[in-house]
Amino acid sequence: MLRFNPFRPNGFAPSTIFTGRMEETWALEQMLFNTLNQNPQHFILHGERGIGKSSLLQIHRMLAVGQISGNSDKANNFLVVTLNLEPTDTHESLIRKLGLSLQTTCAAASKGNEVLKKSLDFLLRFEAAGVKLRDKPARQVVDPLLELTNAYCQTVEDIKGFRDGILVIIDEADTAPASAHLGATLKSLSERVALSSNNVLCFGLAGVSNLISTLRESHESSPRLFTGFDLKPLSESESHDVVKKSIADANQKNLRATKILPDAEDMIVALSEGYPSFIQEFGYFAFDADEDFKITVDDVKKGAWQEHGAYAQLGMKYFHHLYNGKIGSDEYRNVLHFMSTHSDKWVSKEQIRQGTRLKETTLSNAMQALVSRGIVNRDNKKGYYRLPSKSFAAWIKGELQKKNGGDTNNTADA
């Protein structure tokens with residue numbers, strides 16, 4: 001029997017199962033309210049990969065366009081401009097993407113009405129860094145950033161009385177290099193629109209924790225433009241809630257209901273350690289492994305450690321390049337095995353020596369290699385090291401558990 005699997009390891013968590021982040025969602029809704037009242041509030045969602053930044057950004061987008069309700073009696077009605085950045089982006093390509101994304105959004109919103117006609121006419125004259133946005137001979141652009149800011153200024157004027165404002169969402173904003181000048185560009189845009197009579201432009205960025213330093217490299221004061229939210233793993237109760245909501249979602253869609261046993265649910269939560277992406281991976285493969293509409297611990301184990309199961313998928317998406325691609329020595333991986341038992345906490349070289357029983361020369365070479373390759377962080381205080389993230393530590397422990405047949409304590413012989 002074909003079954004709908006409610007877990008989404010490769011996409012956004014839908015609003016029906018989105019759980020937690022109450023403090024952040026409330027603060028973001030307040031920012032939208034301030035923006036529509038011409039006091040724009042810009043934000044950054046940052047944290048480890050797989051922590052749920054994109055899902056929270058998606059929920060915020062749905063709130064901004066009125067797809068889901070918030071705490072106001074009136075649904076929001078923002079224009080939402082979305083774009084993704086690439087490692088190869090330049091300042092010119094960033095400006096082009098901001099212009100093209102605004103043009104696409106305005107074109108879609110203007111269907112059936114004339115509200116954004118002026119903006120569209122203006123955008124059709126806009127050419128970013130010599131790249132045409134229309135099928136006519138290109139003209140020379142003296143200052144593409146000025147052209148871009150003029151386009152946004154025209155649009156906020158055109159939507160007055162019809163839309164609440166413009167929300168520009170940039171996911172994985174950390175991907176672009178500092179040379180793309182993201183911080184400086186957004187700062188210039190916000191300052192120019194602030195001089196208009198309808199100051200309702202808001203920026204929302206998401207990325208790993210180095211995003212703030214990337215913005216600062218672009219313009220020293222650009223991080224001051226944003227309010228930052230450092231996302232942490234979900235609590236144990238929130239993780240349980242995600243699993244329960246997912247199973248309930250499946251049972252609304254499938255002809256036959258699926259039950260998950262309490263110890264199986266506990267295992268998914270324990271293996272996930274609060275990471276939303278982990279919950280989705282382990283949940284998906286446990287659901288897929290189940291054959292009798294009753295998810296058990298055995299189903300969770302099978303889904304987690306089978307050849308192309310949850311741990312294999314998490315490794316491919318996040319960690320294999322660190323664990324395998326940059327390391328050729330089992331002794332070096334043994335160091336990671338031991339350090340993972342301390343999550344992302346600082347541990348001394350002496351602790352690592354005692355835990356791994358490696359010779360001094362081997363251990364020194366291992367630590368030097370792991371630090372130089374960006375796999376392990378070193379404290380300024382000589383001799384202390386840690387893994388770069390809790391999620392990496394959680395995944396390593398899962399790999400170790402598979403290797404040791406369920407025994408996560410035998411790190412020295414792993």
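Predicted model, so just to flag it, every value in this text is computed and none were measured.
- Within 6.0 Å of atom CD in Gln368, 12 or fewer heavy atoms from other residues, nucleotides or ligands are found, so the atom counts as exposed in its surroundings.
- Within 6.0 Å of the NZ atom in Lys259, the count of heavy atoms belonging to other residues, nucleotides or ligands does not exceed 12.
- Under a 3.5 Å cut-off, the side chain of Asn254 and the backbone N or O of Arg256 do not form any donor-acceptor pair.
- The environment of Leu195 atom CG is dense: over 12 non-hydrogen atoms of other residues, nucleotides or ligands sit within 6.0 angstrom.
- For residues 366-375, the set of pairs meeting the salt bridge (Lys or Arg N to Asp or Glu O under 4.0 Å) definition, not counting sequence neighbours, is empty.
- Among all heavy-atom pairs drawn from Leu85 and Ala176, the shortest one is CD1-CB, 3.7 Å.
- Ring orientation note: the planes of Phe278 and Tyr275 are tilted relative to one another, at an angle of 30° to 60°.
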Determine, step by step, whether Ser197 and Lys160 satisfy the side-chain hydrogen bond (donor to acceptor under 3.5 Å, both in side chains) criterion, reporting the C-alpha distance in whole Å, the side-chain angles of both residues, the deciding distance to 0.1 Å, and the verdict.
CA-CA 9 Å; Ser197 63; Lys160 190 185 300 183; 2.8 Å; yes
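- A salt bridge links Asp330 with Arg333: the distance from a Lys NZ or Arg NE/NH1/NH2 to an Asp or Glu carboxylate oxygen falls below 4.0 Å.
- Applying the salt bridge (Lys or Arg N to Asp or Glu O under 4.0 Å) definition to pairs two or more places apart or across chains, those involving residues 187-215 are Lys187-Glu191.
- Residue Phe203 forms a side chain to side chain contact (heavy atoms under 4.5 Å, CB included) with just one option from Val81, Leu189, Ile166, and that option is Leu189.
- At most 12 heavy atoms of other shown residues, nucleotides or ligands fall within 6.0 angstrom of atom CD in Glu236.
- Relative orientation of the Phe392 and Phe319 rings is parallel, given thresholds of 30° and 60° on the angle between their planes.
- Looking at Glu24 and His60, their side chains never come closer than 4.5 Å, going by heavy atoms from C-beta outward.
- Counting heavy-atom neighbours within 6.0 Å of Arg49 CZ, excluding the residue itself, gives a total of 12 or less.
- Judged by distance alone, with hydrogens and angles left aside, the side-chain atoms of Asn251 form a donor-acceptor pair with the main-chain N or O of Thr258 at under 3.5 Å.
- Atom CD1 in Ile17 sits 4.5 Å away from atom CD in Gln280 (nearest 0.5 Å).
- Leu28 has its side chain within reach of Phe229: a pair of non-hydrogen atoms, C-beta onward, lies under 4.5 Å apart.
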Could you check Ser54 against Asp171 for side-chain hydrogen bond (donor to acceptor under 3.5 Å, both in side chains), going step by step and ending with a plain yes or no?
CA-CA 7 Å; Ser54 296; Asp171 199 2; 2.6 Å; yes
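- The environment of OH in Tyr284 is sparse: at most 12 heavy-atom neighbours from other residues, nucleotides or ligands sit within 6.0 Å.
- Between Trp305 and Tyr311, the ring planes are parallel. Angles under 30° get that label, and only those over 60° would be called perpendicular.
- Taking the side chain as every heavy atom from C-beta outward, Met31 and Cys202 never approach each other to under 4.5 Å.
- Atom CD of Glu273 sits about 9.5 Å away from atom OG of Ser391, to the nearest 0.5 Å.
- Heavy-atom contacts from other residues, nucleotides or ligands closer than 6.0 Å to NZ of Lys294 number 12 or fewer.
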Should Ser364 and Lys349 be marked as a side-chain hydrogen bond (donor to acceptor under 3.5 Å, both in side chains) after you check the CA-CA gap, both sets of side-chain angles, and the distance that decides it?
CA-CA 9 Å; Ser364 294; Lys349 187 176 180 181; 2.8 Å; yes
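- Side-chain contact between Pro276 and Arg21 is present, with heavy atoms from C-beta onward closer than 4.5 Å.
- In this structure, the side chains of Val193 and Ser196 come closer than 4.5 Å at one or more pairs of heavy atoms.
- For Ser213, the side chain to side chain contact (heavy atoms under 4.5 Å, CB included) partners are Asn210, not counting sequence neighbours.
- Of the possible polar contacts, one joining the Gln313 side chain to the His308 backbone as a donor-acceptor pair under 3.5 Å is found.
- Although no hydrogens or angles enter the test, the distance criterion places a donor-acceptor pair under 3.5 Å between the side chain of Asn76 and the main chain of Leu63.
- Nearest heavy-atom pair, Leu234 versus Thr19, reported as atom, atom and distance to 0.1 Å: CD2-O, 3.9 Å.
- Under a 3.5 Å cut-off, the side chain of Glu172 and the backbone N or O of Asn84 do not form any donor-acceptor pair.
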Evaluate the side-chain hydrogen bond (donor to acceptor under 3.5 Å, both in side chains) criterion for residues Thr82 and Arg61: first the C-alpha distance (whole Å), next the side-chain angles of each, then the deciding distance (0.1 Å), finally the verdict.
CA-CA 9 Å; Thr82 61; Arg61 185 200 67 79; over 6 Å; no
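- Looking only at side-chain heavy atoms (C-beta outward), Pro40 and Leu201 stay at 4.5 Å or farther from each other.
- A distance of 8.0 Å separates CD in Glu265 from CD1 in Ile247, rounded to the nearest 0.5 Å.
- With hydrogens and angles disregarded, no donor-acceptor distance shorter than 3.5 Å links the side chain of Ser101 to the backbone of Leu98.
- For the side chain to side chain contact (heavy atoms under 4.5 Å, CB included) test with Leu370, the passing option among Leu336, Leu387, Leu322 is Leu336; the others fail.
- Salt-bridge annotation for Lys74 and Asp164: present, with a side-chain N of the basic residue lying under 4.0 Å from a carboxylate O of the acidic one.
- Side-chain contact between Phe18 and Thr25: present, with at least one pair of heavy atoms (C-beta onward) separated by less than 4.5 Å.
- Under the 4.5 Å side-chain criterion, counting only non-hydrogen atoms from C-beta, Asn198 is in contact with Gln38.
- Shown here for Ser340 and Ala393, the closest heavy-atom pair between the two residues is CB-O, 3.6 Å.
- In this structure, the side chain of Asp290 does not engage the main chain of Phe287 through any donor-acceptor pair within 3.5 Å.
- When all heavy atoms are compared, the tightest approach of Ile51 to Pro233 is CD1-N, 3.5 Å.
- Of all non-hydrogen atoms in Glu48 and Ser389, the two that sit nearest each other are OE1-CB, 2.8 Å.
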